[in-house]
Amino acid sequence: IEALFDEQAKDRKEQRQSYREKGTLSSFENTDLDPSLDREISEFVIKKAVKLDSFLKEIFRHRIERLGSSHMARKDVMLSTRHVIRKSEKVIVNLRSVHQDKAHGDDLTEFRPWRFVGKNPGAAKASKDFMPFGLGKNTCPGRFLAVHDLKILATLVVTKYSNLVSQDKQKQSGMLTSPLVYSRLTGLYFTSRHNSHGKAPPSSPCAALADAPREE
């Protein structure tokens, strides 16, 4: 992420230099090329964060519910296996089997964050071997926004905080084993990168976030 911010800052610096040489613009304050925005999260950073995309996709693959994408048959349907699904019966997809398909490589029971680096499609795309957002005409229409927001959140966490500590091992275990759709108190504490006072961790996760110094 930091490397992407460096690349963005360099690109913006070159753009400002180009404007100066042409004499079309000398001051960039309060413009899109304001130097104070050089290391802000932008579409440039999010689109080029391929490792972050792979990380999120692996989380979806590894931590999604075992069974899901329930559908009800509107009429009798005969499958190629000669099995018949009767009208009004429900079909539930074994997502664990889908996401541990050999198409995803080896060590399918292991969490490998860079498993999908350099591979398409991305975390927001639905396919027959990747279905956290469903498939076909019923695919979640908000998946692109959801993944985009998760990338922004993850970028904020790794750039604003230097350390994440779990002080409750029981909550930590539940956090790592429960499906993503369940909300849980994680017991995580965040240490701000800008906290130079060496303060001890606050008494609650909410306090940890509240105590983080705000950038001006």
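For the numbers below, each heavy atom of this structure counts, side chains included, while hydrogens, waters and symmetry mates do not. Residues take their numbers from the sequence shown, with the count starting at 1.
- Under a hydrophobic clustering in which Ile, Leu, Val, Met, Phe, Trp and Tyr are joined whenever their side-chain heavy atoms come within less than 4.5 Å, directly or via other members, L56 and F144 fall into different clusters.
- In this structure, P121 and K57 have side chains that are in contact, with non-hydrogen atoms separated by less than 4.5 Å.
- L67 and L95 fall into different hydrophobic clusters, defined by Ile, Leu, Val, Met, Phe, Trp and Tyr side-chain heavy atoms under 4.5 Å apart, directly or through other members.
- Minimum interatomic distance between R115 and D106 (heavy atoms only, all atoms of both residues): NH1-O, 2.9 Å.
- When hydrophobic side chains of Ile, Leu, Val, Met, Phe, Trp and Tyr are connected at separations under 4.5 Å, V50 ends up as a singleton with no cluster partners.
- Contact annotation: the side chain of D76 never approaches that of M78 to less than 4.5 Å [non-hydrogen atoms, C-beta and beyond].
- F5 places none of its side-chain heavy atoms less than 4.5 Å from the side chain of F44.
- Side chain of S54 to main chain of P113: a donor-acceptor pair is present (N/O by atom type, distance under 3.5 Å, no hydrogens or angles).
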Q | Derivation and outcome, ring-ring contact (aromatic ring centres under 6.0 Å, His included), residues H99 and F60 | A | CA-CA 9 Å; H99 293 145; F60 291 143; 9.1 Å; no

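- Counting all heavy atoms, side chain and backbone alike, L33 lies closest to Q15 at CD2-OE1, 3.8 Å.
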Anything under 3.5 Å between a donor and an acceptor, one on a side chain of residues 122-135, the other on a protein residue two or more places apart or in another chain? List them.
{"residue": "S127", "atom": "OG", "partner": "D129", "partner atom": "OD1", "Å": "2.8"}
{"residue": "S127", "atom": "OG", "partner": "F130", "partner atom": "N", "Å": "3.4"}

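- Screening K13, K10, R16, Q8 for a side chain to side chain donor-acceptor pair (under 3.5 Å) involving D38 leaves a single residue, R16.
- Contact annotation: the side chain of N138 approaches that of H71 to within less than 4.5 Å [non-hydrogen atoms, C-beta and beyond].
- Considering only residues two or more places apart in sequence or on other chains, K51 meets the side chain to side chain contact (heavy atoms under 4.5 Å, CB included) condition with W114, V117.
- Considering all non-hydrogen atoms of both residues, H104 and V98 come closest at NE2-O, 3.8 Å.
- R112 meets the side-chain hydrogen bond (donor to acceptor under 3.5 Å, both in side chains) test with no other residue; sequence neighbours excluded.
- When all heavy atoms of T155 and I46 are compared, the pair lying nearest together is OG1-CD1, 4.1 Å.
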Q. Could you go step by step and tell me if F111 and I59 meet the side-chain contact (heavy atoms from CB on, under 4.5 Å) rule?
A. CA-CA 8 Å; F111 181 85; I59 289 176; 3.8 Å; yes

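- Under a 4.5 Å side-chain heavy-atom cut-off, the cluster of Ile, Leu, Val, Met, Phe, Trp and Tyr residues that includes V77 is completed by L79, I85, V91.
- Scanning all heavy atoms of the two residues, the minimum distance from R61 to E110 falls at NH2-O, 3.1 Å.
- Considering only residues two or more places apart in sequence or on other chains, K47 meets the side chain to side chain contact (heavy atoms under 4.5 Å, CB included) condition with E43.
- Put simply, NZ on K87 and CE on M72 are 11.0 Å apart, with the number rounded to the nearest 0.5 Å.
- Taking CZ of R96 as the reference point, atom CG of L108 lies at 10.0 Å (rounded to 0.5 Å).
- To the nearest 0.5 Å, the span separating CG on L145 from NE2 on H148 amounts to 8.0 Å.
- L4 and V45 make their closest contact through CD1-O, 3.6 Å (heavy atoms, listed as atom of the first residue, atom of the second, distance).
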